[in-house]
Amino acid sequence: MTYIGTATSRVDGHAKVTGAAKYAAEIHPDDLAHGCVVTSTIAKGRIARLDVSEALSVDGVIEVLTHLNRPEMPDDDNAYKDDVAPDGSPFRPLYDDRILFDGQPIALVVAEEPEIAQFAASLVRVDYDREPHVTDMHRRREEPSALKPSAKPGADPFAPPKPRGAAEKAFAAAEVRHQGEYYVPIEHHNPMELYASTVIFEGDDKLTIYDKTQGVQNVQRYICGVFKLDPDDVRVMSPFMGGGFGSGLRPQYQVVLATLAALALKRSVRVVLTRQQMYGLGHRPAMIQRIELGAKADGTLETVTHDALTVTSQYEHFYRQETGWSGLLYQCANATYAHKLAPLDLATSCDMRAPSAATGVYALECAMDELAVALRLDPLDLRLRCYSDRDQHAERPYGSKNLRDCYRQGAEVFGWDKRTPEPRSMRDGNELVGWGMATGVWEALQVPIAVRIALTSNGHAEVSCATSDIGTGTYTIMAQVAADMLGLPLDAITVKLGDSTLPQSPVEGGSWIAASVANGIATTSDAVRHELLGLAKQMPNSPFADVAPDEVMLADGKLVSKRDPASAVSIADAMRHGGVDRIEQEKTTRFAKDESRSHNVHSAVFVEVKVDEELGVIRVTRVVSAVAAGRILNTKTAGSQILGGVVWGIGMALHEETLLDHTFGRVMNANIAEYHVPVNADIHDIKVIFVDEPDDTINRLGIKGLGEIGIVGVAAAVANAVYHATGKRVRDLPITLDKLD
Ligand code: MOS
């Protein structure tokens, strides 16, 4: 294969750096009106009075839409359920006078210019009837009756797994024990691109919606449900996305507001959220996790208990499977889990990169480090002693699991063998040096997907699928796979995606799209090849008269016999003889459920920190992340995914925290000056290694996907390195310098 596995640069790179790639807020239909959102300033209660008269009197203001004058909207929850909605009653923007969270949209001011809308929005007067709110999970935890179970063990994919053995007894009997409580705060996604929708009113209630989303067809179905529109009348486009990280899996409220305004005014409308308003969308749930580990003195892990309390809203039950990773990652006979939800007066939590694993594995991997200290074992050695070749939840082997090579190669490149075990034993001038490590794990998921390929006689192919490229490089890997499967050069492939009229695709998330769409392209390419072979067979003296489809391949613009490369027919000739100038095939690829093996991706992360002894300032000076994720489609874009995940893991460890003022139930740092994320000066040497992990069990191309794995384990490795440097164990994130005092 020519392109698969290479460091191919992004095929959309030129469009992106020149500005030719247009994002949702950069589409300029004629006669565009601009909406500005007014948000609530209380966390719970009702709108008692809404006075929009002053806003309406501003020159250039067209309308102010509120729950009082909005067009009709359905009153059943099902109409507001999107493809990935959790249980509960989805939020309905501008539906009624109820306030469910601070920062909730309560009015949309529509004007001829965005600045006019923004000014007029400041003139909307609101009186509230306040009700008492709770936004503090620690306070909620004090009232056990207010907590809710997530789901019964094994009830759904996000419920805690079924326990095994007798964890409590084993813990009591263990020779060495560790228990600890670990805290992760609310975190916000902060993608570069603001949430935005430009709704083009095409007449007769026909809409074309440019929306920032990870799933155009999810948004299309949702908008049709909310506004009772015919699917043929709503086209949702998202050709480019400036970062989603999970915040764009569910439709966000600006698309409802922009659509509502376009339908009410029969005019094209754009709504762009402000950075501050982005903090009123979903977030990674804050969580308190309790871990108990018991081991034999030789490091045999005997028991794991993992309890989680995670944050959701009052109206939806969002949860992910935080606890189960602990019973999966290491060989251990006894394991038990519990998961409760703390409902708060906030917007519903949502998925954020490696949802459940980034956080659950953080707690486990810190606890494993603490256990290693208690056992007087090297942390890497402990992990090798408990290495698990089997999935103990499903009681089956893995299709492939090359975590051993991640440990080995990662440790070698990092120089782990030069580590001295005692905390505070390594230094560099007045800085304490700490080395920490952790394991990462994620699932290798695949989803049903449809791909259409149109091959023309000039040797050009258009490959299309309604999936999104959320910045990960989907355009590029689709072009690479199509070029290899169709035997064409990369620049002969055009990729179309991010358009709801294209063949069906689920949302892009969970690290499942690369594997799914790549195998989807392979399936559809087979159909194209079969059709070409059919044409070639009819040619006079055809070399393929008695040849089966699997005996030919496409290479260099030709149909070629696998056995005899000299036996070939060009695509152009086959089509000319067949009297066609185009072959079009669309196929849906489904992935059979594999009951005999489990499929996961893994990583080993090694981190060096240097801590200023007087000031407590922590610098992450080196990271090595070794990843086993099956066949790597593109070493450049894949490397970037891991790099980005590592940077975010550093942010999770040291910087990120959404701070709430619980008196008001409001985010205090709703901006990226005060919500800290790593900047260039925080990031030093990061090395990414992909270890070989051939896998012919997962899918025909051996692809697993790696959007999430890069972040998993990183925060724990940093925390463990900080302990090694300072002797101080910080169990609540982020590890700010005051906590090292
Ligand atoms: Mo990812 S959190 O599934 O976008």
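Everything numeric in this text was worked out from a predicted model, so none of it was measured. For ligands, and for the atoms within them, numbers begin at 1 and follow the listed sequence.
- Of all protein heavy atoms, the one lying nearest to atom 3 (O) of ligand 1 is G510 N, 2.6 Å.
- Considering only heavy atoms from C-beta on, L329 comes within 4.5 Å of T439 through its side chain.
- Both the sub-6.0 Å distance and the 45° axial angle are satisfied by R320 relative to the ring of F158.
- When each atom of ligand 1 is checked for a heavy atom of R353 under 4.0 Å away, the hits are 2 (S).
- Of all atoms in ligand 1, listed by their number and element, those nearer than 4.0 Å to a heavy atom of P355 are 2 (S).
- Of all the atoms in ligand 1, the ones that sit under 4.0 Å from a non-hydrogen atom of L249 are 3 (O), 4 (O).
- Y80 and S89 share no side-chain donor-acceptor pair at under 3.5 Å.
- Between G246 and ligand 1, an N or O atom pair is found at a separation short of 3.5 Å.
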Inset, instruction - Applying salt bridge (charged side-chain N to carboxylate O under 4.0 Å, His left out), run through K704 and E693 and close with a yes or a no. - result: CA-CA 10 Å; K704 287 183 166 180; E693 193 179 61; 2.9 Å; yes
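- Each of the atoms 2 (S), 4 (O) of ligand 1 lies under 4.0 Å from some heavy atom of F245.
- At the shortest separation from atom 4 (O) of ligand 1 among protein heavy atoms lies Q214 NE2, 2.8 Å.
- Side chain to side chain, N699 and Q446 meet the donor-acceptor criterion of an N or O pair below 3.5 Å.
- Looking from atom 1 (Mo) of ligand 1 to the surrounding protein, the closest heavy atom is E708 OE2, 3.5 Å.
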Inset, instruction - In sequence, state the C-alpha distance, the side-chain angles, and the governing distance for H317 and T312, and then conclude on side-chain hydrogen bond (donor to acceptor under 3.5 Å, both in side chains). - result: CA-CA 6 Å; H317 313 284; T312 186; 5.8 Å; no
